[in-house]
Amino acid sequence: MREVRVRFAPSPTGALHIGGIRTALYNYLLARKYNGTMILRIEDTDQTRYVPGAEAYIVESLAWAGIKIDEGVGVGGPYAPYRQSERNSLYKTYAQKLVDEGHAYYAFDTEQDLEEMRKRTPNAQYDSVTRLQMKNSLTLTGSEVDQKLSMNEKHVIRLKISGKEEIQLTDLIRGSIRVQSSQIDDKVLMKSDGMPTYHLANVVDDYLMKISHVIRGEEWLPSAPLHVLLYRYLGWENDMPQFVHLPLLLKPDGNGKLSKRDADKMGFPIFPLNWQDPESGHVAIGYRETGYLPEALINFLAFLGWNPGTEQELFSMEQLIEAFTLERIGKAGARFDIQKAQWFNQHYLRSKPDDVLIGYLNDSLKKENIDCSQEKAKKIVAIMKERVTFPKDFWEQGKFFFIAPDSFDEQVATKKWNNDAVKVLTAFSSEIKSMNNLNAETAKETLEMVTSKLGIKTGQILQSLRMSITGGASGPDLMMTMEILGNAEVGNRIHFAIETLKVKVT
RNA sequence: GGUCUGUUCGUCUAACGGUUAGGACACCAGAUUUUCAUUCUGGUAAUAGGGGUUCGAUUCCCCUACGGACUACCA
């Protein structure tokens, strides 16, 4: 088998989309599986869409996701440079070669010329029939062309595609694909600004960089036959890479491919990391900042369009590399389901060692300027562990350990808060006041003692107790919560609740 | 509109002609938890439709329907 060399080749036009991470991941898995090389190439040939910071963002995103680059932007390598804007002379050389050999030609048409041509015929394209009516080196005389070129008139170089040729290509996911060359237009290879288009740059670089597999999104499938033609005209058909067009990521609901709009609308991230738009200054929150662990995101993404064929669903990167095969990538687009991502995250988060989890809580506390003993943090993490999905949940769902509630859950306050509850809580708080060691066990004993004395069922008032201590209607084990808080704090909170809510008792 | 491409539970998917069509997420129910959650157990739920081929089609072929991508001097 040919040496595996794959590339992830995004263009720096903004933040990398989550789908881009998946594409990079599949490339990476194949490279690692076969001891190949993972290359990062930046396709920055569109100067009008260049966004500063986007390249650094891509590099950082991949690093965070655990996708290591062996060669390319940021690390260098034998085929440098890996930024297309720095490889322009190469593209020019090959474009010229194509012109010289009659596979490409100069075109001088203005935007209006093109517009008129398109209006003339339905489904118009610049091709073997329409090019005869346009201003190009096929219709103009040699001296006219020379004159225009020497006067530096604006022009592009177009690929000359014959009208009747069948192009066959094999996609490793979709099998054999046949297209008639008459369906393809004479694509621009070199733009009038002197930069190559994607098609030329891509083919030239993939060839020169000895790419073995082109693994990219399905949106490229329609132009794959064009690329085959380019390889053919350039004389590189025998070294052509294998094509692998990945199914797209689709909207969670409705139709179409996943977009930033959907993500915003449904409240989940679309970018791996926070991204500040340089123009608007608006910050889009990333997976990292939301609290997704890279291993969870990777596991989730890997399964969007691929599966190992077994019932195992939890895979580390190493295990993915081991199990990955191109053959098991699906054909149909995969709907994006953030709930599944959350489930993966929950799983990976809970399987972290306790000291890591304590670290998460401490991170939040530091931000809030709250001191907390290691012992207390340890106890909190122990009882919160089974309830969290994101690292910040330790703080967000456990705030009450540090801040006494100033308001109370309305449902509980109206439905459960009654004379019995107040009676029990009053008695309970005066019982524990004198205790010097309130722990989960003694708290439970005391509570049971109080309720049985008053002839009230503990279950009846438990939610009121919780509410008065935490403000909320749900939370971790109440007895442990009281142990962590200590008897003085528990007593204070009960008093505050009784004071605040007594008006509602009739 | 044209070209290419796809279609199994709500979602991700398994089943490379023969299965009671399997798993996971989500959802629902029961048990545990003297609350919520966790955990455990169970459950609802799918081969887009129509023709072929075949002893037998989720699986192969055709048509229809419905999606998706592309259709720029953007990638």
Side-chain angles (χ1 to χ4, degrees), chain A residues 9-13 43-46 48-49 84 107 109-111 114 118 122-126 154-158 171 173-174 177-180 182-185 187-199 201-202 216-225 245 247-248 250-257 300 303-314 327-328 330-344 346 350 383-388 397 409 412 416 444 447-448 451 457-467 470 472-478:
Chain A
S11 75
T13 54
E43 310 222 327
D44 55 348
T45 56
D46 185 354
T48 63
R49 292 211 305 161
Q84 289 187 330
D109 314 278
T110 64
E111 241 172 85
L114 293 171
R118 283 175 186 132
N123 296 328
Q125 58 179 12
Y126 207 118
K154 264 195 147 189
H155 66 275
V156 299
I157 295 177
R158 284 180 182 273
D171 179 279
I173 294 177
R174 282 151 226 284
I177 293 163
R178 279 176 174 37
V179 182
Q180 298 303 321
S182 60
Q183 298 299 332
I184 308 175
D185 61 347
K187 279 276 181 309
V188 171
L189 264 21
M190 293 296 292
K191 300 182 272 192
S192 59
D193 67 356
M195 296 289 273
T197 57
Y198 171 85
H199 307 294
N202 194 259
R216 79 236 290 192
E218 194 185 354
E219 69 267 26
W220 292 108
L221 193 53
S223 47
H245 290 95
L248 261 20
L250 269 22
K251 290 179 194 296
D253 62 349
N255 303 331
K257 66 173 173 179
F300 167 64
F303 272 70
L304 242 33
W306 173 87
N307 76 83
T310 64
E311 286 186 355
Q312 184 183 349
E313 299 216 59
L314 267 3
E327 292 72 50
R328 295 206 64 90
K331 293 177 175 167
R335 235 174 246 280
F336 194 84
D337 179 13
I338 197 66
Q339 278 186 315
K340 193 100 180 199
Q342 283 172 358
W343 176 77
F344 276 114
Q346 200 171 57
R350 289 175 193 183
I383 59 170
M384 294 292 289
K385 193 175 169 177
E386 295 306 315
R387 318 177 60 87
V388 294
Q397 292 179 29
D409 183 271
V412 179
K416 304 275 185 179
K444 190 175 177 183
L447 182 64
E448 273 167 1
T451 49
K457 276 192 185 159
T458 312
Q460 296 276 312
I461 55 86
L462 212 59
Q463 280 203 287
S464 290
L465 213 211
R466 175 185 293 287
M467 180 195 66
T470 70
S474 68
D477 183 84
L478 231 199

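To find a chain, count down the sequence lines: A is the first, B the second, and so on, and within it residues start at 1.
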Note to self: Could you check whether A:Glu219 pairs with A:Lys257 (Lys NZ or Arg NE/NH1/NH2 to Asp/Glu carboxylate O, under 4.0 Å)?
What the structure shows: no
Check: Contact class for A:Ile184 vs. all strands (heavy atom < 4.0 Å): base, sugar-phosphate, or nothing?
Finding: nothing
Next item on the list: Report yes if some heavy atom in the side chain of A:Leu304 is under 4.5 Å from a heavy atom in the side chain of A:Phe336; otherwise report no.
Entry: yes
Check: Under 4.0 angstrom, heavy atoms only, what part of the nucleic acid is A:Lys331 near: base, sugar-phosphate, or nothing?
Finding: sugar-phosphate
Check: NA contact type, A:Lys457, heavy-atom cut-off 4.0 Å: base, sugar-phosphate, or nothing?
Finding: nothing
Margin query: Distance check, C1' atoms only: B:U47 and B:A57, in whole angstrom units.
Written below: 11 Å
Item checked: Sugar-phosphate only, base, or nothing, as touched by A:Ser192 at under 4.0 Å among non-hydrogen atoms -> base
Note to self: For a quick check of understanding: with a heavy-atom distance under 4.0 Å over all strands, which category does A:Val156 fall into, base, sugar-phosphate or nothing?
What the structure shows: base
Notebook entry, point to check: Looking across every strand, which nucleic acid part, if any, lies under 4.0 Å from A:Gln125 by heavy atom: base, sugar-phosphate, or nothing?
Noted result: nothing
Check: Contact class for A:Tyr198 vs. all strands (heavy atom < 4.0 Å): base, sugar-phosphate, or nothing?
Finding: base
Note to self: Is A:Thr45 close enough to B:A75 that one of its side-chain N or O atoms is under 4.0 Å from OP1 or OP2 there?
What the structure shows: yes
Check: Checking all strands, does A:Arg216 fall into the base, sugar-phosphate, or nothing category for heavy-atom contacts under 4.0 angstrom?
Finding: nothing
Next item on the list: Using the C1' atoms only, state how far B:A14 lies from B:G22, rounded to an integer number of Å.
Entry: 6 Å
Item checked: Nearest-nucleotide pick for A:Glu448, side chain only, options being B:A14, B:U5, B:U34 -> B:U34
Next item on the list: First locate atom CD of A:Glu43, then atom CD of A:Gln84, and finally report the distance between them rounded to the nearest 0.5 Å.
Entry: 4.0 Å
Margin query: Tell me whether A:Lys251 is salt-bridged to A:Asp253, with the criterion being a basic N under 4.0 Å from an acidic carboxylate O.
Written below: no
Notebook entry, point to check: Does any N or O donor sit under 3.5 Å from an N or O acceptor when you compare the side chain of A:Arg335 with the base of B:U11?
Noted result: no
Next item on the list: Look at all strands and tell whether A:Asp109 reaches a base, only sugar-phosphate, or nothing, counting heavy atoms closer than 4.0 Å.
Entry: base
Notebook entry, point to check: Do A:Trp220 and A:Tyr198 have ring centroids that are under 6.0 Å from one another?
Noted result: yes
Next item on the list: Give A:Arg387 one of three labels, base, sugar-phosphate or nothing, depending on what nucleic acid heavy atoms sit under 4.0 Å from its own.
Entry: base
Next item on the list: Determine the contact category for A:Gly305: base if any of its heavy atoms lies under 4.0 Å from a base atom, sugar-phosphate if only primed atoms, P, OP1 or OP2 are that close, otherwise nothing.
Entry: sugar-phosphate
Checklist line | Sugar-phosphate, base or nothing in reach of A:Gly472, heavy atoms under 4.0 Å | finding: nothing
Notebook entry, point to check: The side chain of A:Arg49 lies closest to which of these nucleotides: B:C70, B:A75, B:U34?
Noted result: B:A75
Margin query: Students often get this wrong, so: under 4.0 angstrom with heavy atoms, is A:Asn123 touching a base, only sugar-phosphate, or nothing?
Written below: base
